Amino acid sequence: MDSIDYLKKEISVTINLYNAKRYEDVIRKSKILIKKYPEQILLYNILSLSLSAQNKNDEAISHLNKALNLDPNNIFVLNNLGLIYSNLYILDKSEFYLNESLKKNSNFFDALINFGNLLTKKGESENSIKFYKKALENAKTNVQNEVSLMALGSAYQQIGNFEESVKTYKKLLQINP
């Protein structure tokens, strides 16, 4: 098996471990793979998300910053930095990184949802609606449609627009009863 095939296989295994919430295994495996393949941004992302899931956010941010040094325009790294800072309630840094991600790709689904969530945390649910709507416009899968509609319905509910909230939740139920 050549190096590329090996890397693809190992990344696939690592993603499966992440999806199974086996974060310690992901952390161990990712660190080994990063030593062999230090240019693979995906490895830094999955390592950082696993570290964050284990509440090791400082280390997660450190790895994402290493990835950002390799590729300062990587929307996934920028988004994940924004997400982790949001989870830590360091909202100004979260906003900075999510904005940077959206400057690079204004239709990036994950950053749109995360920015909407950030605005909701800041008590700006009315402003979050435009991000959730744009995420819904850019949704490519049923899961993305569900995430967008759930967030949008919740935002409408938070601002007291129950009529729109009910309409939105009915659309969600059509996708996933």
Side-chain angles (χ1 to χ4, degrees), residues 15 18-23 26 41-42 44-65 67-68 72-177:
I15 290 170
Y18 178 81
N19 289 335
K21 300 183 188 310
R22 292 179 48 190
Y23 302 122
V26 173
I41 303 295
L42 177 61
Y44 292 94
N45 270 319
I46 199 159
L47 170 60
S48 297
L49 291 173
S50 296
L51 287 164
S52 184
Q54 297 267 302
N55 231 7
K56 298 174 182 174
N57 292 299
D58 289 340
E59 190 179 350
I61 290 168
S62 173
H63 285 289
L64 285 172
N65 282 323
L68 203 55
N73 295 313
N74 189 294
I75 60 174
F76 301 100
V77 172
L78 293 165
N79 174 68
N80 288 337
L81 277 164
L83 175 63
I84 291 172
Y85 279 121
S86 178
N87 290 341
L88 294 171
Y89 279 84
I90 304 173
L91 304 183
D92 56 334
K93 282 192 174 185
S94 174
E95 187 168 352
F96 172 80
Y97 286 110
L98 292 171
N99 264 325
E100 288 299 305
S101 181
L102 289 170
K103 280 181 194 174
K104 314 267 184 254
N105 181 349
S106 63
N107 296 320
F108 181 34
F109 179 85
D110 294 352
L112 290 166
I113 290 294
N114 289 333
F115 203 91
N117 292 344
L118 171 66
L119 291 172
T120 299
K121 276 184 185 172
K122 292 173 71 174
E124 300 176 25
S125 293
E126 234 171 278
N127 293 332
S128 71
I129 289 171
K130 77 175 186 176
F131 288 91
Y132 295 142
K133 282 183 173 180
K134 190 167 182 179
L136 183 60
E137 290 170 14
N138 288 284
K140 293 178 174 68
T141 65
N142 277 345
V143 171
Q144 288 180 337
N145 281 316
E146 289 175 36
V147 167
S148 304
L149 289 168
M150 184 63 81
L152 186 58
S154 178
Y156 280 131
Q157 189 176 358
Q158 288 179 16
I159 64 169
N161 188 340
F162 299 110
E163 187 176 315
E164 283 300 317
S165 181
V166 168
K167 280 187 204 174
T168 303
Y169 286 136
K170 283 182 179 178
K171 288 178 188 173
L172 176 60
L173 287 171
Q174 289 174 349
I175 296 171
N176 186 351

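Predicted model, so just to flag it, every value in this text is computed and none were measured.
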First locate atom CG of Asp92, then atom CD1 of Ile90, and finally report the distance between them rounded to the nearest 0.5 Å.
8.0 Å

Supply the atom-to-atom distance Leu152 CG to Lys167 NZ, rounded to the nearest 0.5 angstrom.
11.5 Å

Among Ile159, Leu119, Asn161, exactly one meets side chain to side chain contact (heavy atoms under 4.5 Å, CB included) together with Ile129. Which residue is that?
Ile159

Please walk me through it: do Tyr132 and Leu112 pass side chain to side chain contact (heavy atoms under 4.5 Å, CB included)?
CA-CA 7 Å; Tyr132 295 142; Leu112 290 166; over 6 Å; no

Using 0.5 Å steps for rounding, measure from the NZ atom of Lys130 to the NZ atom of Lys133.
11.5 Å

Could you report the tightest heavy-atom contact between Ser128 and Ala155, atom names first, then the distance?
OG-CB, 3.7 Å

Under 6.0 Å from the ring centre and within 45 degrees of the ring axis: does the NZ or CZ of Lys121 meet both conditions for the six-membered ring of Tyr89?
yes

If you look at every heavy atom in Ser86 and Leu91, which pair is closest and at what distance?
O-CD2, 4.1 Å

Heavy-atom closest pair (Glu146 atom, Leu172 atom, distance to 0.1 Å) is CA-CD1, 3.6 Å

Write down the atom of Ser165, the atom of Gln157, and the distance for their closest heavy-atom approach.
OG-CB, 3.7 Å

Could you give me the CA-CA distance, side-chain angles and deciding distance for Leu173 and Tyr169, then say whether side chain to side chain contact (heavy atoms under 4.5 Å, CB included) is met?
CA-CA 6 Å; Leu173 287 171; Tyr169 286 136; 5.6 Å; no

If I compare all heavy atoms of Ser52 with all of Ile84, which pair ends up nearest, and what's the gap?
OG-CG1, 3.7 Å

Could you state the interatomic distance from CZ (Phe109) to OG1 (Thr141), rounded to the nearest 0.5 Å?
7.0 Å

Any chance you could lay out the salt bridge (charged side-chain N to carboxylate O under 4.0 Å, His left out) test for Lys134 and Glu137, step after step, and finish with the verdict?
CA-CA 5 Å; Lys134 190 167 182 179; Glu137 290 170 14; over 6 Å; no

Taking atom types as modelled, is there a side-chain donor on Asn176 or Asn142 under 3.5 Å from an acceptor on the other?
no

Could you check whether atom CG of Asn65 has more than 12 heavy atoms from other residues, nucleotides or ligands sitting under 6.0 Å from it?
yes

Rounded to the nearest 0.5 Å, how far apart are CG of Asn80 and CG of Leu64?
6.0 Å

Centroid separation under 6.0 Å, is that true for the rings of Tyr23 and Tyr18?
yes

Without hydrogens or angle criteria, can the side chains of Glu124 and Asn127 be said to hold a donor-acceptor pair below 3.5 Å?
yes

Heavy atoms, side chains only, cut-off 4.5 Å: are Leu88 and Ile61 in contact?
yes

Counting only heavy atoms not in Glu59, do more than 12 sit closer than 6.0 Å to its CD atom?
yes

Might you confirm whether atom NZ of Lys104 has over 12 heavy atoms from other residues, nucleotides or ligands at distances under 6.0 Å?
yes

pair Leu98-Asn79: side-chain heavy atoms closer than 4.5 Å:
yes

Can you name the closest pair of heavy atoms from Thr120 and Ser125 and give their distance?
CG2-OG, 3.9 Å

Hey, mind stepping through Leu83 and Asp110 against side chain to side chain contact (heavy atoms under 4.5 Å, CB included) and telling me if it holds?
CA-CA 9 Å; Leu83 175 63; Asp110 294 352; over 6 Å; no

Regarding Tyr85 and Asn57, is there a side-chain donor-to-acceptor distance under 3.5 Å anywhere?
no

List the steps, then state whether side chain to side chain contact (heavy atoms under 4.5 Å, CB included) holds for Phe131 with Leu118.
CA-CA 10 Å; Phe131 288 91; Leu118 171 66; over 6 Å; no

About how many Å separate CG of Leu78 and CG of Leu68, when rounded to the nearest 0.5 Å?
5.5 Å

Classify the ring geometry of Tyr44 against His63: parallel below 30°, tilted from 30° to 60°, perpendicular beyond 60°.
tilted

